[in-house]
*Asks:* 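Would you mind keeping the following structure in view while I ask a few things?
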Number of protein chains: 2
Amino acid sequence: MSESKLVIRPAQSLDREGIWRVLAPVLKAGETYALPRTWGRRQALGYWMAVEHRVFVAESPDGEIVGTFYLQDNQSGGGRHVGNAAFVASPGYGAGRQMGEFALKEAQALGYRAMQFNFVVSTNNRAIALWTRLGFRVVGTLPGAFNHPERGYVDALVMWKELLPSEQRAPDAA
Amino acid sequence: MSESKLVIRPAQSLDREGIWRVLAPVLKAGETYALPRTWGRRQALGYWMAVEHRVFVAESPDGEIVGTFYLQDNQSGGGRHVGNAAFVASPGYGAGRQMGEFALKEAQALGYRAMQFNFVVSTNNRAIALWTRLGFRVVGTLPGAFNHPERGYVDALVMWKELLPSEQRAPDAA
């Protein structure tokens, strides 16, 4: 599989089966997301496609959904200037990277001042390498916060990236 | 107002008016929680008394509700061994401290291995002093993550406390 350019677009209702095919193996493995491994199609899609999520899909050149992410306010009220996103990708398409870059541009266009990931499992090396390459840094470490099915209790990381040009940042966000 | 011992008990449906009286001024001020300042009674109670929250109230000796907190899993799946809680107290009763101590015992009884606060506003000195006194430490700092109505963008803290005796902790949680 070559890493050709994927089409990334807002998800539609009829994308659900494709989204579920991408989500199912990741949820079942339970190694990267703090979500119930027992979730079926209905619960998983109900969560992923919740009304407060802006859901996107990544489509391969032959029209197959090979990745999905959502974007949302990480907090409400006084915290809604910080975005949050979650990504799931089928391996081998470069979907993670392409969706990550797309999500950051989208977040910037929506006016978010920063992007926060609340719970990056510390054994998820691919994700950490990707986010680091895209400019994220670790702003918090949650000791033993994730019960990995193989490795037991491992840390989870809080990762952060400013989206504003540096001269527009609050002093404490420099 | 003396800081007499409050009765802390699970909330009942009929406590809603008392809970709303405690929540309303705190939400309206918008200085300590990342929740919409515009929320009315219905939205605020719908959030606070959500089915996944174990809700408690603190009652003064004359039967007035002077504080409320909820306890929940901070994450699902592989993250559900860490608890989360949120507290709102009317000033002058010592309700924050009494509820905090109660919540930690309750969390321990429920089998949580740790308690995590995701978003303690860094200007909320009373809360930070209280949580520090109860054994919490800062495990993350979110730069400018809260837009304070008076002070603008200020940091929010991620705070953490282990609930297990130290010999039972995972090595990375020591």
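Everything numeric in this text was worked out from a predicted model, so none of it was measured. Convention: sequence-line order gives letters A, B, ...; per-chain numbering from 1.
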*Asks:* Could you look at A:Ala114 and say if it's the side chain, the backbone, both or neither that has a heavy atom under 4.5 Å from chain B?
*Replies:* neither
*Asks:* Out of curiosity, A:Trp131 CH2 to A:Phe87 CZ, how far, rounded to the nearest 0.5 Å?
*Replies:* 4.0 Å
*Asks:* For chain B, find which of A:Leu142, A:Val138, A:Thr141, A:Thr38 contributes the most heavy-atom pairs closer than 4.5 angstrom.
*Replies:* A:Leu142
*Asks:* Where do B:Asn118 and A:Asn118 land on the side chain to side chain contact (heavy atoms under 4.5 Å, CB included) test, with the steps shown first?
*Replies:* CA-CA 9 Å; B:Asn118 299 299; A:Asn118 300 299; over 6 Å; no
*Asks:* Need one label for B:Val139: side chain, backbone, both or neither, based on atoms under 4.5 Å from any heavy atom in chain A.
*Replies:* both
*Asks:* What part of B:Phe119 gets closer than 4.5 Å to chain A, counting heavy atoms only: side chain, backbone, both or neither?
*Replies:* side chain
*Asks:* Start with the C-alpha gap between A:Phe102 and A:Phe56, add the side-chain angles, then the distance that decides, and say whether ring pair (Phe, Tyr, Trp, His ring centres under 6.0 Å) holds.
*Replies:* CA-CA 10 Å; A:Phe102 188 101; A:Phe56 292 81; 5.6 Å; yes
*Asks:* Taking only Lys NZ, Arg NE, NH1 and NH2, and the carboxylate oxygens of Asp or Glu, determine whether A:Arg9 and A:Glu59 approach each other closer than 4.0 Å.
*Replies:* yes
*Asks:* May I ask you to decide whether A:Arg97 forms a salt bridge with A:Glu101, counting only side-chain N to carboxylate O separations under 4.0 Å?
*Replies:* yes
*Asks:* Shorter than 4.5 Å, heavy atoms on both sides: which option in A:Ala145, A:Pro149, A:Gly140, A:Ser122 has the most such pairs with chain B?
*Replies:* A:Ala145
